[in-house]
Protein chains: 2
Amino acid sequence: MSSGNRPRIRAAGRTRGVPEATVARLPVYLRALHALADAGHDTVSSEELAVAAGVNSAKLRKDLSHLGSYGTRGVGYEVALLVDQISRALGLTQRWAVVLVGVGNLGHALAGYAGFASRGFRIAALFDADAERVGERIAGQDVRHIDDLDRVVAEEQVSIGVIATPADAAQEVADRLVEAGVTSILNFAPCVLQVPDGVDVRKVDLALELQILSFHEQRKADSAGTVTPLPASHVDAREVVGQ
Amino acid sequence: MSSGNRPRIRAAGRTRGVPEATVARLPVYLRALHALADAGHDTVSSEELAVAAGVNSAKLRKDLSHLGSYGTRGVGYEVALLVDQISRALGLTQRWAVVLVGVGNLGHALAGYAGFASRGFRIAALFDADAERVGERIAGQDVRHIDDLDRVVAEEQVSIGVIATPADAAQEVADRLVEAGVTSILNFAPCVLQVPDGVDVRKVDLALELQILSFHEQRKADSAGTVTPLPASHVDAREVVGQ
DNA sequence: AAATGTGAAGACATTCACAGCA
DNA sequence: TGCTGTGAATGTCTTCACATTT
């Protein structure tokens with residue numbers, strides 16, 4: 001017996017409790033809404049928005065219902081209001097300061113990526129461990145030495161760090177980020193990071209995504225080669241988009 | 001009534017039926033195994049491998065069980081054998097040809113990303129729509145004009161395409177890729193792609209990941225500011241790693 | 001003695017289908 | 001009438017706990 005050794009606290013106090021799967025889709029809805037706003041739409045139905053976001057409308061409505069009741073029955077959602085509510089839910093009413101560590105190939109590209117600035121993030125500083133690179137100017141920022149990390153994080157109130165170093169440097173960088181006070185990390189290095197509780201890590205792994213595609217390619221190739229040619233209504237109607 | 005309007009075919013013929021969630025973790029296990037092999041380990045227990053991969057051991061064993069029974073009770077898994085089996089399951093026994101479309105900031109970085117080559121993928125060609133860029137040499141490849149896409153895809157038997165264009169060009173590129181015969185797409189453009197059944201799309205969205213982190217940052221900031229200081233056993237012991 | 005492989009339970013997520021409201 | 005919001009049903013994923021095997 002012993003009835004499950006950890007009680008697994010679900011929430012403390014007044015948790016709105018938005019499911020993680022929903023959180024991961026909110027940015028997609030937000031983007032679709034911006035596009036609709038630009039196209040001149042004032043209101044949108046769950047069906048229309050769902051199509052624009054690439055999900056089905058029941059899922060969309062359930063997702064939005066976790067934020068509150070912002071639609072009008074018989075009409076739909078007011079685009080501007082929904083943009084506000086989703087932005088608020090995601091914490092995008094403030095502009096987060098981000099530091100980027102590692103200005104190699106990929107770091108360069110990330111430093112110049114316009115999508116960060118336009119979506120509520122400000123790159124406060126670029127860092128590298130390589131003395132050769134320090135002082136280099138990228139996207140209007142001087143590359144600083146990683147030893148300055150503590151100071152910059154404190155001064156600029158940085159809470160998010162992006163790691164774009166080689167894999168063998170990533171854990172050390174993560175340790176330094178955490179030490180400096182960063183509590184969220186986006187990791188582009190192909191490795192697993194060890195961080196203390198209370199620090200969130202998300203991983204973006206380029207090769208991993210290709211390997212997943214490889215799996216499905218193989219499946220397709222196999223079933224094509226086998227007896228079953230599978231006429232038109234192919235089995236693969238599964239949705240892959242959802243990360 | 002009407003009992004669910006689509007029968008939802010789950011598989012055609014002899015599907016081993018590896019769950020999608022498992023597939024997404026296999027590349028992580030593979031990487032951990034390579035690291036272990038390099039470190040001289042011949043065998044590994046589910047517990048050790050799980051730690052290296054950042055998951056719990058029950059999940060790891062369940063995942064591996066979908067590939068077959070390759071462990072030895074009382075001992076563990078032979079590293080080399082497991083590498084083989086996972087590689088086979090992921091379709092990495094062959095080297096896939098990939099085309100990359102869009103050689104801007106990000107495309108440049110991707111073209112030079114060593115992780116592709118080292119994990120079973122060969123960049124067969126680079127494309128851009130901008131005549132200025134055509135002919136430019138990146139990572140040992142000449143950039144070609146997108147009009148050559150059909151020919152290259154056919155000649156080099158390409159089945160995977162990577163889109164690294166701006167969002168407004170992505171759908172058009174996707175259409176051309178599909179038209180040329182590509183059946184898997186990795187999309188870095190921040191937009192939803194429309195593709196026919198049988199074509200898989202995976203999306204990598206850099207800003208989206210930051211937005212998810214923003215959500216959790218806000219939650220932390222809120223609960224810190226509120227009445228509840230939440231002693232040591234902080235609520236955030238949730239695992240975020242799992243993509 | 002040690003560690004795998006797996007039914008069963010539980011948690012989580014999606015989809016259905018319709019009550020309720022504008 | 002049209003569309004949202006949501007209980008209930010279904011499906012998927014994770015975790016537990018232990019029989020089984022070396």
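Convention: sequence-line order gives letters A, B, ...; per-chain numbering from 1.
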**Request:** Would you tell me if any nitrogen or oxygen in the side chain of R25(A) comes within less than 4.0 Å of OP1 or OP2 on dT14(C)?
**Result:** yes
**Asked** For N187(B), which residues count as a side-chain hydrogen bond (donor to acceptor under 3.5 Å, both in side chains) partner, sequence neighbours excluded?
**Response** none
**Item:** side chain to side chain donor-acceptor pair (under 3.5 Å): pairs with one or both residues in residues 89-99 of chain A, sequence neighbours excluded
**Value:** W96(A)-S214(B)
**Asked** Which residues in residues 35-47 of chain A have at least one heavy atom lying under 4.0 Å from any atom of DNA chain D?
**Response** S45(A), S46(A)
**Request:** Find the distance E20(B):CD to dA13(C):P and express it as a whole number of Å.
**Result:** 16 Å
Could you go through residues 160-168 of chain A and list every donor-acceptor pair under 3.5 Å that involves a side-chain atom there, pairing it with any protein atom two or more places apart or in another chain?
none

**Request:** Give a yes/no answer on whether the side chain of Y77(A) brings an N or O atom under 4.0 Å of OP1 or OP2 in dA22(C).
**Result:** no
**Prompt:** So, does the side chain of R73(B) form a donor-acceptor pair with the base of dT20(D) at under 3.5 Å?
**Reply:** yes
**Prompt:** What is the distance, rounded to the nearest whole Å, between atom CG of L60(A) and atom P of dC3(D)?
**Reply:** 14 Å
**Complete:** From CG of D63(B) across to C1' of dT14(D) the rounded distance in Å is 10 Å
**Request:** Could you list the residues that satisfy side-chain hydrogen bond (donor to acceptor under 3.5 Å, both in side chains) with T183(A), not counting sequence neighbours?
**Result:** E217(B)
**Prompt:** Under 4.0 Å: is that the gap between some side-chain N or O of N56(A) and OP1 or OP2 of dT15(C)?
**Reply:** yes
**Prompt:** Among all residues two or more places apart in sequence or in another chain, which pass the side-chain hydrogen bond (donor to acceptor under 3.5 Å, both in side chains) test with Q194(B)?
**Reply:** none
